[in-house]
2 protein chains.
Amino acid sequence: MFQLDLKSRKSIYEQVVDNIKELVIAGVLNSEDKLPSVRELSKALTVNPNTVQKAYRELEYQGFIYTVSGLGTFVTSPIHSVMDGKKAHELQDNIRRDIKELLYMGMTRAQINELLQELFEERGEGND
Amino acid sequence: MFQLDLKSRKSIYEQVVDNIKELVIAGVLNSEDKLPSVRELSKALTVNPNTVQKAYRELEYQGFIYTVSGLGTFVTSPIHSVMDGKKAHELQDNIRRDIKELLYMGMTRAQINELLQELFEERGEGND
DNA sequence: GACACCGTATTAGGCAATATAGTACACTGC
DNA sequence: GCAGTGTACTATATTGCCTAATACGGTGTC
């Protein structure tokens, strides 16, 4: 499914969270898709089931997945996690902080606009 | 100088790093300004001198400040920390990741452009 | 009901990072 | 010399992460 970087400063469960989040956002995992079970994924990654469980709990808290006891865990449809105000705020604050730092380092406004342009094109976004 | 949030998930030294970084980027602390001494700031924040020292070491590593033994620590002129490739890359990756997440959550391209617009205006930036 | 699969909870221990405390050393300017 | 600066070191307590092992309850199949 994905690889772990044991040399990373990030903890394992954080890496699991980030990787799955990316798969969902990129559309590799779609709404209502079933995720690997805790035991299955823990075996595949050769980590402890508790570690995977912690990652799933975090992903559920963030609204990306939901679980049905006895059945498994599934990808939430995006409509359910729409604009959780607090989270959107945090993301925007992060972006603001990072862009300010890039500007301080000498990056130009044009270069930043270019970065966004590439992102939008990559997603085949419209103009709204 | 600033306040610490002891309830935060962030460690103390990280909060010190972030706060000082913001002061530098916002222009509250200017190039060649002298920072409070390790002992002075640790007393003001009622934390251990070692914790402040760790924060200063990190800020020096990131290129925001420099130290002269026996004299103190000072703000680096921005020209010295220009576009450290690795760091700029990390920042851009962060921005990419956060914007993708915002788009997934339903934020529109227009709203994101607006966010940037506000940032640029706030800084009184030109058009390049 | 038996069984296999799911998520979940609990307890325990090891390890690393964080923060504290205290002490010591080298450098600079007066 | 002295006061102020950064820096280094040891030791300790606390916290978070990760592992290990075990147990419990829900669901679907037979």
Side-chain angles (χ1 to χ4, degrees), chain A residues 1-21 24 29 31-76 80, chain B residues 1-21 24 29 31-76 80:
Chain A
M1 194 167 190
F2 50 82
Q3 289 290 326
L4 292 180
D5 177 12
L6 298 179
K7 288 171 261 171
S8 170
R9 287 71 70 207
K10 271 189 196 168
S11 61
I12 295 179
Y13 93 91
E14 276 180 308
Q15 291 184 52
V16 174
V17 168
D18 289 347
N19 273 301
I20 293 182
K21 202 190 287 188
V24 172
L29 290 173
S31 180
E32 309 306 333
D33 277 358
K34 188 178 183 307
L35 291 172
S37 75
V38 170
R39 291 171 178 80
E40 200 179 336
L41 183 55
S42 74
K43 189 175 282 183
L45 299 176
T46 58
V47 298
N48 194 279
N50 290 336
T51 305
V52 175
Q53 191 198 342
K54 184 169 184 180
Y56 278 16
R57 203 185 313 148
E58 173 65 21
L59 283 165
E60 185 165 14
Y61 174 75
Q62 289 190 29
F64 285 96
I65 65 179
Y66 68 96
T67 72
V68 183
S69 196
L71 283 183
T73 75
F74 306 86
V75 177
T76 308
H80 293 146
Chain B
M1 194 167 189
F2 50 81
Q3 288 291 326
L4 292 180
D5 177 11
L6 298 179
K7 288 171 262 173
S8 170
R9 290 68 72 205
K10 271 190 196 168
S11 60
I12 296 179
Y13 92 91
E14 277 180 306
Q15 291 185 51
V16 174
V17 168
D18 290 347
N19 273 301
I20 293 183
K21 201 191 286 189
V24 172
L29 290 174
S31 179
E32 309 306 334
D33 277 358
K34 189 177 182 309
L35 292 172
S37 76
V38 171
R39 290 171 179 78
E40 199 179 336
L41 184 54
S42 73
K43 188 175 285 184
L45 299 176
T46 56
V47 298
N48 194 277
N50 290 334
T51 305
V52 175
Q53 191 198 340
K54 185 170 183 179
Y56 278 16
R57 202 185 312 148
E58 174 65 21
L59 283 165
E60 185 165 15
Y61 173 77
Q62 289 190 30
F64 286 95
I65 64 178
Y66 67 96
T67 72
V68 183
S69 197
L71 282 184
T73 75
F74 306 87
V75 177
T76 309
H80 292 147

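Proteins come first, then strands; the chains are lettered A, B, ... in the order of their sequence lines, and each starts at number 1.
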Report yes if at least one side-chain N or O of B/Thr51 is closer than 4.0 Å to OP1 or OP2 of C/dT18; otherwise report no. no
Given C/dA9, C/dT20, D/dT27, the nucleotide with the shortest approach to the side chain of A/Leu71: D/dT27
Whole Å only: how far is the CG atom of A/Asn50 from the C1' atom of C/dT10? 9 Å
Base of D/dG6 paired with side chain of B/Arg39 (donor-acceptor, under 3.5 Å): yes
So if I take every side-chain heavy atom of A/Val47 and compare against C/dT20, C/dG29, D/dT19, which nucleotide ends up nearest? D/dT19
Between A/Gln53 (CD) and C/dG7 (P), how many Å, whole number? 9 Å
Rounding to 0.5 Å, atoms OG1 (A/Thr51) and CG (A/Leu4) come to a distance of 10.0 Å
B/Gln15 versus B/Ser8, closest heavy-atom pair with distance: NE2-CB, 3.6 Å
Is any side-chain N or O of A/Lys54 closer than 4.0 Å to OP1 or OP2 of D/dC18? no
Does A/Ser11 or A/Ser69 map to a spot on DNA chain D nearer the 5' end, using the closest nucleotide for each? A/Ser11
If you compare every side-chain N and O of A/Thr67 against the phosphate oxygens of C/dT8 (OP1, OP2), does one of them come in below 4.0 Å? yes
When you measure from the side chain of B/Gln53 to the backbone of B/Val38, do you find a donor-acceptor pair of N or O atoms at a distance under 3.5 Å? no
Nearest-Å distance, CD (A/Glu14) to C1' (D/dC18)? 13 Å
To the nearest angstrom, how far is B/Arg9 atom CZ from C/dA19 atom P? 14 Å
Round to a whole Å and report the spacing from CG of B/Asn48 to P of D/dT12. 16 Å
Whole angstrom value for the distance that separates P of D/dG4 from CG of B/Leu41: 17 Å
Distance col, row A/Thr73:OG1 vs A/Ile65:CD1, nearest 0.5 angstrom, shows 4.5 Å
Considering only heavy side-chain atoms of B/Lys34, the closest of C/dC6, D/dT5, D/dT7 is D/dT5
Just to verify, which of A/Tyr56, A/Phe64, A/Tyr66 counts as forming a ring pair (Phe, Tyr, Trp, His ring centres under 6.0 Å) with A/Phe74? A/Tyr66
For C/dA19, does OP1 or OP2 lie under 4.0 Å from any side-chain N or O of B/Tyr13? no
Using whole Å, what does the distance between atom P of nucleotide C/dT18 and atom CG of B/Leu6 come to? 16 Å
Using heavy atoms to find the nearest nucleotide of DNA chain C for B/Pro49 and A/Glu60 separately, return the residue whose nucleotide is more 5′. A/Glu60
Could you tell me how far apart A/Leu35 (CG) and C/dT8 (C1') are, to the nearest whole angstrom? 16 Å
